[in-house]
Q: 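Structure incoming, see below.
Because the structure is a prediction, the values reported are computed rather than measured.
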Amino acid sequence: MGCMAESTSDTARPTALITGASRGLGAAIARELAPSHKLLLGARSAESLTGVLAELPDATAWPVELTDYDEVAHATAAIDRLDVLVHNAGVAELSTVAESSVKQWRETLEANLIAVAELTRLLLPALRSANGHVVLINSGAGLRANANWGVYAASKFGLRAFGDALRLEEPELRVTSLHPGRIATDMQRAIVASEQREFDPNEFLAPETVARTVRNAIETPRDAHPTEIVLRPIAR
């Protein structure tokens with residue numbers, strides 16, 4: 001991962017690492033934080049980050065397969081200070097409990113919970129150095145499970161519990177669990193297709209709205225701790 005020479009003003013800016021930043025909500029969060037933060041943009045491959053890096057040329061690509069824990073350990077070793085860690089990467093696949101498989105359970109829990117826990121663990125020294133802020137992009141499914149969403153909801157309930165524990169164990173850090181409703185992204189388009197419905201972005205939250213909420217949480221003055229935020233689309 002190449003790093004550009006930093007100016008004095010660059011070094012004064014806080015650093016944010018955003019996972020799943022190549023498109024959708026992750027890219028929207030990157031755009032929202034770009035004016036105020038040095039950005040590390042995470043994705044599975046450098047190629048997938050080409051588009052967002054063209055928009056945000058001052059950002060740095062951080063291509064890492066988050067479920068390859070040796071690769072994650074290597075990629076985090078050089079990060080000695082981190083102000084913001086936004087866990088946005090994740091997977092979602094609809095399935096009834098009866099139709100679910102061990103493979104689906106393992107892959108969903110691995111991506112949505114275990115990889116989050118391990119990346120956070122490895123970055124704790126860097127976060128502690130900055131009295132940093134961990135933002136967990138959770139879901140409405142992390143508060144209430146619905147039919148056909150059991151596997152995904154279980155991973156998001158686990159993510160909420162992880163955030164609760166981290167908040168208690170690391171009192172110098174701020175930990176925000178953000179629970180948005182469904183967001184108008186390419187992932188949502190695929191989910192709607194699996195539901196055999198027409199995709200109407202007006203049914204869902206705009207990625208930019210959720211990204212603004214992330215920025216607002218990060219910019220909340222230090223005398224307050226935004227622990228949980230719930231967003232729902234306006235009924236139309």
Side-chain angles (χ1 to χ4, degrees), residues 14-21 25-26 29 32-33 42 66-67 69 72-73 76 79 81-93 97 104-146 149-183 187 205 209-233:
T15 300
L17 168 58
I18 305 165
T19 68
L25 178 58
I29 295 170
E32 193 68 39
L33 296 186
L66 295 175
T67 58
Y69 300 118
V72 174
T76 56
I79 301 175
R81 180 184 174 89
L82 185 64
D83 299 270
V84 177
L85 173 58
V86 180
H87 287 288
N88 172 68
V91 299
E93 181 182 353
V97 172
Q104 182 186 3
W105 278 98
R106 283 178 174 160
E107 289 179 351
T108 303
L109 291 169
E110 190 85 41
N112 292 356
L113 179 58
I114 298 170
V116 170
E118 180 62 1
L119 179 60
T120 305
R121 186 187 71 82
L122 290 168
L123 287 172
L124 277 176
L127 288 161
R128 290 168 180 153
S129 292
N131 288 334
H133 196 150
V134 179
V135 179
L136 303 169
I137 304 299
N138 200 298
S139 167
L143 299 171
R144 185 179 67 184
N146 292 318
W149 288 86
V151 179
Y152 178 74
S155 71
K156 292 298 189 178
F157 267 72
L159 184 63
R160 184 187 183 200
F162 170 75
D164 289 345
L166 183 66
R167 199 177 294 115
L168 293 171
E169 293 171 2
E170 300 289 337
E172 299 304 314
L173 305 184
R174 294 200 293 184
V175 181
T176 299
S177 290
L178 177 57
H179 296 266
R182 295 169 70 166
I183 306 168
M187 178 185 287
L205 291 164
T209 299
V210 183
R212 176 70 63 85
T213 303
V214 171
R215 193 191 79 184
N216 289 343
I218 292 166
E219 293 180 350
T220 299
R222 292 295 304 195
D223 64 323
H225 191 156
T227 56
E228 285 196 342
I229 301 171
V230 179
L231 294 178
R232 292 290 177 269

Q: Would you indicate whether the side-chain heavy atoms of Ile114 and Tyr69 approach each other to under 4.5 Å?
A: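 Of all side-chain heavy-atom pairs linking Ile114 with Tyr69, at least one is under 4.5 Å.
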Q: Under the 3.5 angstrom rule, does the side chain of Glu93 hit a backbone N or O of Gln104 as a donor-acceptor pair?
A: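 Pair absent, no side-chain N/O of Glu93 close to backbone of Gln104.
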Q: If you round to the nearest 0.5 Å, how far is CG of Leu127 from CG of Leu85?
A: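 Output value for this atom pair is 5.5 Å.
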Q: Taking all atoms of both residues into account, what is the closest heavy-atom pair of Leu168 and Pro171, and its distance?
A: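 It is O-CD, 3.9 Å.
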Q: State, with a plain yes or no, whether a side-chain heavy atom of Leu123 is found less than 4.5 Å away from one of Leu17.
A: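 Answer yes - side chains close enough.
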Q: Determine the minimum heavy-atom distance between Trp105 and Ala154, stating which atoms define it.
A: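 Answer, listing the atom of Trp105 first, then Ala154: CZ3-CB, 3.6 Å.
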Q: Rounded to the nearest 0.5 Å, what separates atom NE2 in His133 from atom CD in Glu219?
A: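 Reported value, rounded in 0.5 Å steps: 11.0 Å.
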Q: Is a side-chain donor or acceptor of Thr19 paired with a backbone partner of Ala89 at a separation under 3.5 angstrom?
A: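 Judged by distance alone, yes, a pair lies under 3.5 Å.
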Q: Pick out which of Val91, Thr108, Asn112, Val97 makes a side-chain contact (heavy atoms from CB on, under 4.5 Å) with Val151.
A: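 Among the candidates, only Thr108 passes.
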Q: How long is the span from the CZ atom in Arg167 to the CZ atom in Phe162, to the nearest 0.5 Å?
A: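 Output value for this atom pair is 10.5 Å.
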Q: Side chains of residues 134-144: which donor-acceptor partners sit under 3.5 Å, not counting sequence neighbours?
A:
{"unit_1": "Asn138", "atom_1": "ND2", "unit_2": "Lys156", "atom_2": "O", "d": "3.0"}
{"unit_1": "Ser139", "atom_1": "OG", "unit_2": "Ala141", "atom_2": "N", "d": "2.9"}

Q: How far apart are the closest heavy atoms of Pro180 and Leu205, and which atoms are they?
A: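 Nearest pair, atom of Pro180 first, then Leu205: CB-CD1, 4.0 Å.
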Q: For Ala111 and Val116, which heavy atoms make the closest approach, and how far apart are they?
A: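 Closest approach of Ala111 to Val116: O-CG2, 4.2 Å.
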Q: Calculate, to the nearest 0.5 Å, the distance between atoms CG and CD belonging to Leu25 and Glu32 respectively.
A: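 With rounding to 0.5 Å, CG (Leu25) is 11.0 Å from CD (Glu32).
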Q: Quick one: side chain to side chain contact (heavy atoms under 4.5 Å, CB included) partners of Glu170, sequence neighbours excluded?
A: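 Residues passing side chain to side chain contact (heavy atoms under 4.5 Å, CB included) with Glu170: Leu124, Arg128, Leu166, Leu173.
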Q: Residues two or more places apart in sequence or in another chain: which of them pass side chain to side chain contact (heavy atoms under 4.5 Å, CB included) with Thr213?
A: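 Listed in chain order: Leu178, Ile229, Leu231.
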Q: Atom CZ of Arg215 and atom CD1 of Ile29: how far apart are they, to the nearest 0.5 Å?
A: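 Reported to 0.5 Å precision, the distance equals 12.5 Å.
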Q: Quick check against the 3.5 Å criterion: does Asp83 have a side-chain atom that pairs as donor or acceptor with the backbone of Ala16?
A: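 Here the side-chain-to-backbone pair does not exist.
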Q: Could you give me the CA-CA distance, side-chain angles and deciding distance for Leu119 and His87, then say whether side-chain contact (heavy atoms from CB on, under 4.5 Å) is met?
A: CA-CA 9 Å; Leu119 179 60; His87 287 288; 3.7 Å; yes
Q: Please find the pair of heavy atoms, one from Leu66 and one from Ala115, that lie closest to each other, and give the distance.
A: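 Heavy-atom minimum between the residues: O-CB, 3.6 Å.
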Q: What is the minimum heavy-atom distance between Pro226 and Thr220, and which atoms define it?
A: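 What the structure gives for the nearest pair is CG-OG1, 4.1 Å.
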Q: I'd like to know if the side chain of Arg174 and the backbone of Ala224 have a donor-acceptor N/O pair within less than 3.5 Å.
A: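 Present.
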Q: Rounded to the nearest 0.5 Å, how far apart are CG of Leu33 and CZ of Arg212?
A: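 Output value for this atom pair is 11.0 Å.
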